[in-house]
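FYI, the numbering just counts along the sequence from 1. Heavy atoms only: backbone and side chains are in, while hydrogens, waters and symmetry mates are out.
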Amino acid sequence: MNPGRYNIAVVSGTTFQLAPTWKVDGLAVNLTGYSADMQVRDVSNNLIVELSTSNGKAVITGATGTVTLTLTAAQTAALAVGTYSYGLNLIAPDTTTYQILQGAFVVNASSVQ
């Protein structure tokens, strides 16, 4: 299975939320018992920020197949402006890992001074 490609743009100092739904053949995958891990990395592969079920920045709604990813305004303000890459992995109860999304993660400066 190839992951979907989705580029994300975040404005520094604002709340970020994304809630993708994993579907196979048009049907939502029941994610009951799964965990999620999204890592944002720079060009040198250094970890910039992690959104996971273990740190509370990712929440899975089991039967709907939805993963809600959230960063607070303070957390996005702490990110350096720049372009990074990310991958969103879902880990099944049997530890099988599926990367469902990947792409650019762009942090833009706020236009508010």
Side-chain angles (χ1 to χ4, degrees):
M1 174 183 139
N2 291 323
R5 182 142 188 94
Y6 184 78
N7 295 327
I8 296 170
V10 176
V11 177
S12 180
T14 65
T15 300
F16 162 76
Q17 191 169 67
L18 180 69
T21 298
W22 186 23
K23 294 182 178 181
V24 175
D25 296 328
L27 300 173
V29 175
N30 186 336
L31 298 179
T32 300
Y34 279 65
S35 60
D37 182 51
M38 181 174 126
Q39 294 186 350
V40 178
R41 296 186 173 271
D42 66 14
V43 294
S44 298
N45 207 34
N46 296 308
L47 182 64
I48 302 303
V49 66
E50 183 172 25
L51 296 85
S52 69
T53 47
S54 62
N55 69 17
K57 295 176 186 162
V59 175
I60 292 176
T61 307
T64 67
T66 301
V67 181
T68 303
L69 305 158
T70 305
L71 291 172
T72 65
Q75 290 166 332
T76 65
L79 300 174
V81 171
T83 300
Y84 307 101
S85 61
Y86 80 93
L88 173 58
N89 294 325
L90 295 178
I91 303 95
D94 68 0
T95 71
T96 302
T97 300
Y98 303 93
Q99 186 168 88
I100 65 163
L101 280 179
Q102 65 180 8
F105 188 95
V106 180
V107 179
N108 295 305
S110 172
S111 59
V112 178
Q113 300 299 325

Answer yes if [X] and [Y] sit in the same cluster of Ile, Leu, Val, Met, Phe, Trp and Tyr residues linked by side chain heavy atoms under 4.5 Å apart, and no otherwise.
X: L51; Y: I48; result: yes
X: V29; Y: L18; result: yes
X: F16; Y: V81; result: no
X: V49; Y: V11; result: no
X: Y6; Y: V24; result: yes

For the backbone of [Y] and the side chain of [X], can you confirm whether one donor and one acceptor N or O come within less than 3.5 Å of each other?
X: T61; Y: T64; value: no
X: T76; Y: G13; value: yes
X: T53; Y: A36; value: yes
X: N7; Y: A104; value: yes
X: N55; Y: E50; value: yes

Would you compute the distance between atom [atom1] of [X] and atom [atom2] of [Y] and round it to the nearest 0.5 angstrom?
X: F105; Y: R41; atom1: CZ; atom2: CZ; result: 13.5 Å
X: T83; Y: D42; atom1: OG1; atom2: CG; result: 11.5 Å
X: Q39; Y: L47; atom1: CD; atom2: CG; result: 5.5 Å
X: I8; Y: Q102; atom1: CD1; atom2: CD; result: 11.5 Å
X: T14; Y: Q75; atom1: OG1; atom2: CD; result: 12.0 Å
X: L69; Y: Y86; atom1: CG; atom2: OH; result: 9.0 Å

* Asked: Between G33 and P93, which heavy-atom pair has the shortest distance, and what is it?
  ->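 Between these two residues, the closest heavy atoms are O-CG, 3.5 Å.
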
* List the atom of A109, the atom of S12, and the distance in Å for their closest heavy-atom pair. =>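 Heavy atoms of A109 and S12 come nearest at CA-CB, 4.5 Å.
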
[X] vs [Y] side-chain heavy atoms within contact, under 4.5 Å:
X: P20; Y: L88; result: yes
X: I91; Y: Y34; result: no
X: N89; Y: Q99; result: yes
X: T66; Y: I60; result: no
X: L79; Y: L71; result: yes

* To do: Decide if atom CG of D25 counts as having more than 12 heavy atoms of other residues, nucleotides or ligands within a radius under 6.0 Å.
  => no

* State which residue, out of T21, L31, L101, fulfils the side-chain contact (heavy atoms from CB on, under 4.5 Å) condition with V67. =>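 When side-chain contact (heavy atoms from CB on, under 4.5 Å) is applied between V67 and each of T21, L31, L101, only L31 qualifies.
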
* Asked: Parallel, tilted or perpendicular for Y98 and W22, by the 30°/60° rule?
  ->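 Plane angle between 30° and 60°, so tilted.
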
